[in-house]
Amino acid sequence: MTVAVPIVRLICDIVTFFFAQIPIRKAMHEYSLSHILAMALADLLAIVWIPEILEFANIGSDTATVLSVFMLALIAYSLLLMTVDTMSRLARSRSALKCIANVSDALPLPNQVPEETVVRRINRGLTRMRCFVSDANNLDKRGYSYRYSAPISTGSRQYYLAMERSIWNRPFTSTDETILLTCGEVLTESLRVNKEVTLLRTESETDALTGALTYRAFIGHLKSLQTENVHNLVAVVYFGVEHLRTVNEHYGRKIGNAVLRSVGMRLSQLLPDNATLSRVNGAEFAMLVTDVTSTSDVEELAARMRNLAVMPVHTEEGEVSVDVSSSISFSNATDGFAVLLADASAHIYESESSNLPAVDGTTATLAAQNGSDDYVNVSDVLRHAIEDNTISVLYQPIFDVNTKRITSLDTIVRVHDAKGRTLAPYFVTAEAHRLNMSVQLTLDVLETCVKDMTAFRQVAPELDIVDICMNGSELGASIFHERLEQLTHEQPQLRFGLQLGSHAIHVAHDEVDDEVADLVALPNVKLGLTNVGTTYSEVAAFAHLPLDFARFDKTVVRDFRTPRAKQIMQRTLDISRDNDAFHVVFDGVETLDQVEFIRSIGGTLAEGTLLSNAMNANEFLMRLETMGTSLPEAAPRQAE
């Protein structure tokens, strides 16, 4: 009896280890003392109770009967042991699932010390064991055993998830190793995802040229401070790089970018720990300072940063002079962050130092071109100008360089704010499209041109062509088609050149093919491209649109000496020679060399400051009355 009971119990343990896939040597090595004592007590009770059962059963002294009952008692004992062990392992498996579920519920793990969150969640589902973070996988503490996860690397550090138990506690099982394996993989994947998300967020919120934050990140940070730091004083310091457009035009965009990069680096050198630097405009930076203790300290810091930023920049073209302006806005107890947000809404990121449409579709700044800190909502200015029909039109004469006579007029839309400041033409057309007012704007320009051309023709009857730029919205508007058709009947002597930009090319190709065909079917309407040489869409446009003329962008004409620009212009002229009705206009002619180049490749039509500046209706009418449509011989030389 004394020998049989422990042997039966050991056989049960071996069978359990086998089905649980636990190496017997490891299991024996890590057997807990509490388990050994509990099994020894169970064996002792079995040794004492089985004879009592035999005596109570009163089975007599028959050997076969005694052995049979004894074997049945041992079997019942073994079944009881295996049942207890199985239930224990099921409970352990349940704890493992609970640990993994706890870790899953914590996803996504925080960026800061995510391993502590995993450890805390594991320990919440375990009993009589401890999980912790270890920098090594060879811990040797007397009286304790350990299990480790796969190594987890964060780039600068490598560590392990470890489980610890004492010799008195239950042994490790495969479920414990599953916990470490699974949670370790979850932690590794979470670290990888957090790293990629952080990298993507950093890239999306960082200006590629200067390394400063973007306008969107600046506004997001400012809005978060509005709720987090209501009682703290916050300041925003704006640094504007003045005359950047002049630097770009004189030295080239590469040097202009070098100037911006240098200014950003200099501002970052003096950036305090409680501040961030953002590029909020093509030529403007904003420093956001939190937890301000003294306004004078911020003003002093801004002065030091500006003094460093205005130092000349050394470039491959030599020293370039830099002028930086600054202004400061503070939050206050009365208006809170309203002042900062209102001021920040007037600053918008631009790819160039020119007025472009706002990224968030609300505002843009006029201060960059006027050198002041007085910002206005130019979207409202444009909206009111279109609604009240207070826009004005400038006329740029297009000359035949051979006959030196005006052949047609190009139009430039002008919109002014209450202080007489001018919105850039590109901004006017782009923002009108965003405001869904392109059709109304183009109709206003059309009506103005018809009225002015009537006056021009009284002095110069041969002048009958006027070009109007569109952005594509007009092509699908029935009111525009109807009015244009009406004008062709009312003004049969006038011809209208409708110029399509890059956006209008897509609209004409994808959405309104039939409408474009109806337009060009009108007797006095011509269709053309503007800014040729600056967009990939032109090749497709030449292929499928019924074009009558094309206008080369001034940047292409300016680079007429480069082989690629010359080849583009030459090939376009070849197209015009195949179609006598197709004409090519060279915009931005500023030197006699450009005129000679146009003649040398067979071009005839040109416009630019060398030939004539853009004029309003009264100025152009006066020019017609004094000089007619001819170009004076001395004009180009004087201009040059």
Side-chain angles (χ1 to χ4, degrees), residues 16-17 19-23 26-27 29-35 38 84-202 205 224 227-228:
T16 303
F17 294 152
F19 284 105
Q21 298 181 354
I22 301 176
K26 182 197 296 185
H29 176 71
E30 293 186 347
Y31 237 70
S32 64
L33 291 180
S34 59
H35 184 82
V84 172
D85 190 80
T86 301
M87 295 300 294
S88 174
R89 292 188 181 279
L90 288 175
R92 297 284 293 278
S93 299
R94 181 176 178 275
S95 298
L97 291 175
K98 185 177 180 181
C99 291
I100 296 174
N102 288 340
V103 174
S104 300
D105 291 341
L107 296 177
L109 298 177
N111 290 331
Q112 301 295 328
V113 290
E115 62 275 7
E116 298 296 337
T117 300
V118 173
V119 166
R120 187 167 59 252
R121 294 277 178 153
I122 292 176
N123 286 327
R124 188 182 300 176
L126 290 179
T127 57
R128 291 185 292 169
M129 283 191 187
R130 183 175 73 95
C131 182
F132 62 97
V133 176
S134 174
D135 291 330
N137 62 346
N138 56 353
L139 297 178
D140 187 15
K141 185 178 179 182
R142 181 169 297 182
Y144 288 85
S145 296
Y146 298 91
R147 287 286 188 272
Y148 303 94
S149 68
I152 301 168
S153 177
T154 60
S156 60
R157 177 194 176 196
Q158 179 174 294
Y159 57 86
Y160 304 82
L161 294 181
M163 278 188 183
E164 177 189 74
R165 74 167 185 89
S166 68
I167 59 175
W168 287 99
N169 292 332
R170 63 188 182 186
F172 288 115
T173 64
S174 58
T175 57
D176 301 319
E177 296 180 351
T178 300
I179 292 175
L180 288 177
L181 177 64
T182 304
C183 293
E185 290 177 350
V186 170
L187 179 57
T188 300
E189 183 65 15
S190 178
L191 289 171
R192 185 190 66 80
V193 171
N194 286 345
K195 181 179 179 180
E196 291 186 359
V197 170
T198 302
L199 179 62
L200 290 175
R201 182 181 293 113
T202 301
E205 294 181 352
S224 66
T227 56
E228 297 173 1

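The first residue in the sequence is number 1, and the count goes up from there.
- Taking all atoms of both residues into account, the shortest heavy-atom contact from Thr117 to Pro110 is OG1-CG, 3.6 Å.
- When every heavy atom of Gly125 is checked against every heavy atom of Lys98, the shortest pair comes out as CA-CD, 4.2 Å.
- The side-chain heavy atoms of Ile122 and Ile179, taken from C-beta on, include a pair separated by under 4.5 Å.
- Between Glu164 and Leu139 there is no side-chain heavy-atom pair separated by less than 4.5 Å.
- Note that CD of Glu185 is 10.0 Å distant from CD1 of Ile152, once rounded to the nearest 0.5 Å.
- Taking 4.5 Å as the limit, some side-chain heavy atom of Leu109 sits within range of a side-chain heavy atom of Leu107.
- For the atom pair CG (Leu161) and OG1 (Thr188), the distance works out to 8.0 Å, reported to the nearest 0.5 Å.
- The distance from atom CZ of Phe132 to atom CG of Asn123, rounded to the nearest 0.5 Å, is 10.0 Å.
- Heavy-atom minimum distance, Cys131 versus Val119: O-CG1, 3.1 Å.
- Asn102 contributes atom CG, which lies 11.0 Å from atom CG of Leu97 (distance to the nearest 0.5 angstrom).
- Proximity of Val186 to Ser104: side-chain heavy atoms (C-beta onward) are nowhere separated by under 4.5 Å.
- Inter-residue side-chain proximity for Ser134 and Tyr159 is flagged as unmet; no heavy-atom pair is nearer than 4.5 Å.
- Residue Arg94 places its CZ atom among 12 or fewer non-hydrogen atoms of other residues, nucleotides or ligands, all under 6.0 Å distant.
- With Arg147 contributing its side chain and Met163 its backbone, the two residues share no donor-acceptor pair below 3.5 Å.
- Annotation: the span from Tyr146 atom OH to Arg130 atom CZ amounts to 7.0 Å, rounded to 0.5 Å.
- Atom CD of Glu196 has more than 12 heavy atoms from other residues, nucleotides or ligands within 6.0 Å.
- Of all heavy-atom pairs spanning Cys99 and Leu126, the tightest one is SG-CG, 3.7 Å.
- Between Thr154 and Glu115, the closest side-chain pair of non-hydrogen atoms is not below 4.5 Å.
- Scanning both residues, Leu180 and Ser149, for their nearest heavy atoms gives O-CB, 3.6 Å.
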